Amino acid sequence: MNMLEIEKKWQKIWAEEKLNEFDGNYDKKFYCLEMFSYPSGAKLHIGHWYNYGLTDSYARYKRMKGFSVFQPMGFDAFGLPAENYAIKTGIHPQDSTIKNIETMENQLSRIGAMFDWSAEIKTCMPDYYKWTQWLFLKLYENGLAYRKEAPVNWCPSCNTVLANEQVVGGTCERCGTTVVKKDLTQWFFKITDYAEELLTGLDKLDWPEKTKLMQKNWIGKSFGAEVTFKAESGEEFKVFTTRIDTIMGVSYVVLAPEHPLVKKLTTADRAEEVEKYVYETSKANEIERLSSDREKTGVFLGAYAINPANGKKVPIFAADYVLYSYGTGAVMGVPAHDERDYLFAQKYGQPINQVITNKENNVTLPYTEDGYLINSGEFDGLFGDDARKAIVSKLEKENTAAFKVNYRLRDWLISRQRYWGAPIPVVHCPKCGDVAVPYKDLPVMLPYDVEFKPDGKSPLAKHDGFMHTKCPKCGGDALRDPDTLDTFVCSSWYYLRYPDSKNAEMPFDPEIINKMLPVDKYVGGAEHACMHLLYARFITKALRDMGYLKFDEPFLSLTHQGVILGPDGNRMSKSHGNIVAPDSYVNEYGSDIFRLYLLFGFNYTEGGPWSDDGIKSVAKFLDRVERLFNKVVTLKGENSDRYGAEEKEVEFILNNAIKSVDHDMDVFSFNTAIARLMELVNALTKYEALENKNEKLLKDSVTVLIKLLAPCVPHFAEELWHELGNQNSVFKEDYPVYDSTKTVKEEVEYAVQVNSKMKGKLVLSKSLTDKEIEEQALSFAPVKEILNGNKPKKVIVIKGRLINVIA
RNA sequence: GCCGCUGUGGCGGAAUAGGCAGACGCAAGGGACUUAAAAUCCCUCGCCCUCAAAAGCGUGCCGGUUCGAGUCCGGCCAGCGGCACCA
């Protein structure tokens, strides 16, 4: 069969018949979504193919199972790489992006997937980002967007903000200068308002357990207490602790270097040293700072605070093992019962006051388990939670402590000091302050003629035509916000746009959305576990609370595809020089064979190193199918009443294949589904070679085979389906149903063990009772020999599998 | 470092709820067909010892639970993903 030719032919016919578009039957809708692609490289890579081609097989399977499948495709087209590419080559991000999208559209259509192109979206187009801006305004209007100071990576030499990716080993990737932190006023989304629901909502999702666990840990709920310490100068600050039972052991307190009180509390004689420390700290990133391997450093501010629990005066430090973004940005140092505090205290000569012990009173410090309080006055003898409750209830009366639930989750920073993104639709007016751009004035267009070479300012800030505007409130001169939105904002709601992608009045019609959503199956990389997948859940919940959506979760069921690595086992990358492009394979073998190879060669969720060793073998497999088909298609259907052992075996294999393939396709176990299909083809080929055969059974079996193959090799199966004389598409057919009476055999093979060692096999009737099976085993020669007339101690019978005789 | 995951023949991988490890393939070797090659078909194929059989060993490493562990538990080692401005 000429694969390239039939692929072209059927793609054209499917498009003409609109076979790939959603048919409007919302009652049976199945929204199958793959994470859309980012058009940075000019070409589709194997990872895209693996995600889209194989999930398409799943979608086609669902369609044959009777669902009205909606499977859209689009492009996440804003982002840093296009801008960097522009800086390097001078090619405008818009031009390169649009060109890349065109290339990728062509490559995507060659997959032959049933993408509903009528719903395509591109996030960099004004008809899309208009609604991204709408989303921002809605969140702003509902108190979920706000501004505050936050640090960015700053290269003092390039005078520019760097993405984490652009910081290599603490230095600027362009010029090698050491990168420091710098505070800028930036926009945030208040995702923390939804921390609790984002956590509890995980329970009902059909997501990989590991992904749910990662989100859970990312949200990081912990129960503790906030305690107010008062500095001698009168300034108050709170610390968060999960171990308030150790409060009598506090020997110092620590503020994060970024804590606003650091400057205020520092005494004049310490100012120089503290300032130096804070500056040095700004060179380290959070991963380094949180590393327990890293040497603990800090600096004494010269000031003291009062421990509200015992009135003791303790020194105040700034130390970078405390993060300003977590808890209150301040901790109490209890060296006897915390490992980091212990190391710190040793280094800076702070006292180590033991206040917890175990039953045997033989602990080694630092002792971080719960235990019995000692050296804690009235609380001595209390244990764990009891101690914590007692201490809080006493301090509560003095207003110096309270129980507090804390989340590790932080608000979502969405400002980017970059060009290639959706402008933030806010005007800063000298009189009225921050003013939202009215909805009727959306979109705030991203200007084309912008200087985006880095020189210390947001690219848009240098564009006078963009920046200068009138205040929507007072009409006076005002300036636009020069920042753009994080591209994660664009991708946090795109699944809501697809079902109503051409709507010019609204981002989506709630009526349509509430019928099509939530997404029934979402497929994409595991690397999105904590960010994109969490942001999308947050946006869904926020829009629900505004009354637009009637569902709580965007993605009911989630599957992660694995990563296809280079042939050398490394992640494919230019620097490794190990990139394998799908195009040459698609050109040589056709997309069905390439797809089939990807289906068969990997465990879908695990991926693995690329090797094309097996691609010829799947091509041969299709040849075998075609040879079988050609022999069978001309048969008249004779001997239809022939039914002997061979026919029984064919039926057994056929029905087992239907059962297994059906199940395996449903759970993305494509490789085993193909293995079962290979077994079926082997069995049918063998049967076909018989002199006397039931032609009707054979022909029916081949018909089932084509249907089972169809989702995996759509063009190939469609061609054979029509050669069988059918007029309609095979994808309009019902999926085969297996006959459960034919998937069981009357006789089962048992593994016979003596003392758990294999001694032989025994074929026994399925109808035997455990007792009878035991008798058969005991009279089985190898068993008899070992028992030598003695009674066995025990006989274990596992129905249908194994007999273990314990001698 | 922290969170999460993975580790099975020469290779890709399979193994329901703790029950015959290696399904299905690739590669390799042998054979048939052929003037020859390709294609196709048949056989062998975890390691070790062996003419053969039997025995023994075997799912990253060490230990444990169990009649029985790739699967469960504890401790290591290695690799991968994420760590909030790559998306």
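Just so it is clear, the model here is predicted, and its values are computed rather than measured.
- Across all strands shown, A:Met678 has heavy atoms under 4.0 Å from sugar-phosphate atoms exclusively, and none from any base.
- Using Watson-Crick or G-U wobble geometry with both donor-acceptor distances under 3.5 Å, B:A32 finds its partner in B:U40.
- None of A:Phe78, A:Phe75, A:Trp493, A:Tyr494 except one satisfies the ring-ring contact (aromatic ring centres under 6.0 Å, His included) rule with A:Tyr128; the exception is A:Trp493.
- With respect to A:Glu258 and A:Arg289, a salt bridge is recorded, a charged nitrogen being found less than 4.0 Å from a carboxylate O.
- When each of B:G56, B:A84, B:A23 is scored by its nearest atom to the side-chain atoms of A:Lys757, the top-ranked nucleotide is B:G56.
- Across every strand in view, B:A14 sits unpaired, with no contact that passes the Watson-Crick or G-U test at under 3.5 angstrom.
- Going from atom CG of A:Leu762 over to atom C1' of B:C20 covers 13 Å, rounded to whole Å.
- At the phosphate of B:G25, OP1 or OP2 sits under 4.0 Å from a side-chain N or O atom of A:Asn682.
- Across all strands shown, B:C3 is found opposite B:G81 as a Watson-Crick or G-U wobble partner, with both distances under 3.5 Å.
- Note on A:Trp218: a base of the nucleic acid sits closer than 4.0 angstrom, heavy atoms only.
- Closest approach to the A:Asn153 side chain among B:A87, B:C85, B:C67 is made by B:C85 (side chain taken as heavy atoms from C-beta onward).
- Using a 4.0 Å heavy-atom distance criterion, A:Ser617 is classed as a sugar-phosphate-only contact.
- Counting any heavy atom pair closer than 4.0 Å across all strands shown, A:Ile674 reaches no nucleic acid atom.
- A residue-by-residue look at A:Arg408 and A:Thr211 shows that A:Thr211 has its nearest nucleotide of RNA chain B further toward the 5' end.
- Within 4.0 Å (heavy atoms only), A:Gln417 reaches at least one base atom of the nucleic acid.
- Within the structure, salt bridge (charged side-chain N to carboxylate O under 4.0 Å, His left out) pairs that include any residue of residues 601-622 of chain A do not occur (at least two apart or interchain).
- Residue-to-nucleotide contacts include a donor-acceptor pair under 3.5 Å from the side chain of A:Arg418 to the base of B:C85.
- In this structure, A:Glu749 reaches the bases: a heavy-atom distance under 4.0 Å links it to at least one base atom across the strands shown.
- The C1' atoms of B:G58 and B:G9 are separated by 10 Å, rounded to the nearest whole Å.
- Using modelled atom types, one finds no donor on one side chain facing an acceptor on the other under 3.5 Å when comparing A:Tyr38 with A:Asn100.
- On the C1' atoms, B:A14 is 12 Å away from B:U59, given to the nearest whole Å.
- Residues A:Asn578 and A:Asn570 bring no donor and acceptor atom of their side chains to less than 3.5 Å of each other.
- Remark: aromatic rings of A:Trp49 and A:Tyr585 are distant, center separation not under 6.0 Å.
- Put simply, the side chain of A:Thr484 never gets that close to the backbone of A:Trp420: no donor and acceptor are under 3.5 Å apart.
- Separating the NE2 atom of A:His532 from the C1' atom of B:A84 is a distance of 15 Å, rounded to the nearest angstrom.
- Residues A:Asn755 and A:Cys530 both approach RNA chain B. Their nearest nucleotides, taken by heavy-atom distance, put A:Asn755 toward the 5′ side.
- Counting to the nearest Å, the P atom of B:G19 and the NZ atom of A:Lys761 are 16 Å from each other.
- A:Thr743 and A:Asn655 are not linked by any side-chain donor-acceptor pair at a separation below 3.5 angstrom, with hydrogens and angles left out of the test.
- Separating the CG atom of A:Asn603 from the P atom of B:C80 is a distance of 19 Å, rounded to the nearest angstrom.
- Going from the C1' atom of B:C26 to that of B:G74 covers 39 Å, rounded to whole Å.
- Tested against A:Thr185 for a side-chain hydrogen bond (donor to acceptor under 3.5 Å, both in side chains), the candidates A:Arg147, A:Lys148, A:Glu149 yield a single pass: A:Glu149.
- As rounded to the nearest Å, B:C45 and B:A52 have P atoms that lie 12 Å from one another.
- Taking 4.0 Å as the cut-off between side-chain N and carboxylate O, A:Arg410 and A:Glu286 count as a salt-bridged pair.
- Using a 4.0 Å heavy-atom criterion, one finds that A:Leu213 contacts the sugar-phosphate atoms exclusively.
- Regarding contacts with the backbone of B:G25, every side-chain N or O of A:Asn671 stays at 4.0 angstrom or more from both OP1 and OP2.
- When the P atom is used for both B:A17 and B:U71, the distance is 15 Å, rounded to whole Å.
- For the C1' atoms, the distance from B:G60 to B:U8 is 10 Å, rounded to whole Å.
- Within 3.5 Å, no donor on the side chain of A:Glu606 pairs with an acceptor on the base of B:C80, nor the reverse.
- With a cut-off of 3.5 Å on both pairing distances, B:C49 has no Watson-Crick or G-U wobble partner at all.
- Residue A:Tyr750 is classed as having no contact, given no heavy-atom separation below 4.0 Å to the nucleic acid.
- When heavy atoms are screened at a 4.0 angstrom cut-off, A:Phe600 is found touching base atoms of the nucleic acid.
- Spacing of P atoms, B:G30 relative to B:A37, comes out at 13 Å, to the nearest Å.
- Shown here, B:A27 forms no base pair; nothing in the strands shown gives a Watson-Crick or G-U wobble contact with both key distances under 3.5 Å.
- Comparing the C1' positions of B:G63 and B:C80 gives a spacing of 27 Å, expressed to the nearest Å.
- Nucleotide B:C83 holds its C1' atom 14 Å from the CD atom of A:Glu527, rounded to whole Å.
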Measure all distances between protein nitrogen or oxygen atoms and nitrogen or oxygen atoms of nucleotides 41-43 of chain B, and list the pairs falling under 3.5 Å.
none

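- With its glycosidic angle within 90° of 0, B:A17 is assigned syn.
- Within 4.0 Å (heavy atoms only), A:Gln215 reaches no atom of the nucleic acid at all.
- For the residue pair A:Ser57 / A:Arg595, a side-chain donor-acceptor distance below 3.5 Å is found, with atom types taken as modelled.
- Between A:Lys216 atom NZ and B:C2 atom P the separation is 19 Å, expressed in whole Å.
- Dashed line: the shortest gap from a side-chain N or O of A:Arg416 to OP1 or OP2 of B:C85 is under 4.0 Å.
- In this structure, B:G22 makes no Watson-Crick or G-U wobble pair, since no nucleotide meets both defining distances under 3.5 angstrom.
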query = Between A:Asp411 and A:Thr192, does a side chain to side chain donor-acceptor pair (under 3.5 Å) hold up when you go through it step by step?
reply = CA-CA 6 Å; A:Asp411 277 338; A:Thr192 51; 2.7 Å; yes
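- The distance between atom CG of A:Leu802 and atom C1' of B:U66, rounded to the nearest whole Å, is 14 Å.
- The side chain of A:Phe602 lies closest to B:G13 when the candidates are B:C67, B:G13, B:G19.
- Searching all strands for a Watson-Crick or G-U wobble partner of B:U59 with both distances below 3.5 Å returns nothing.
- Using a 4.0 Å heavy-atom cutoff across all strands shown, A:Ser415 reaches at least one base atom of the nucleic acid.
- Checked by distance alone, A:Asn804 brings a side-chain donor or acceptor within 3.5 Å of a matching partner on the base of B:C67.
- B:G9 takes the syn form, because its glycosidic angle lies no more than 90° either side of 0.
- Counting to the nearest Å, the C1' atom of B:C83 and the CG atom of A:Leu323 are 12 Å from each other.
- A donor and an acceptor atom never sit less than 3.5 Å apart when one is taken from the side chain of A:Gln753 and the other from the base of B:C20.
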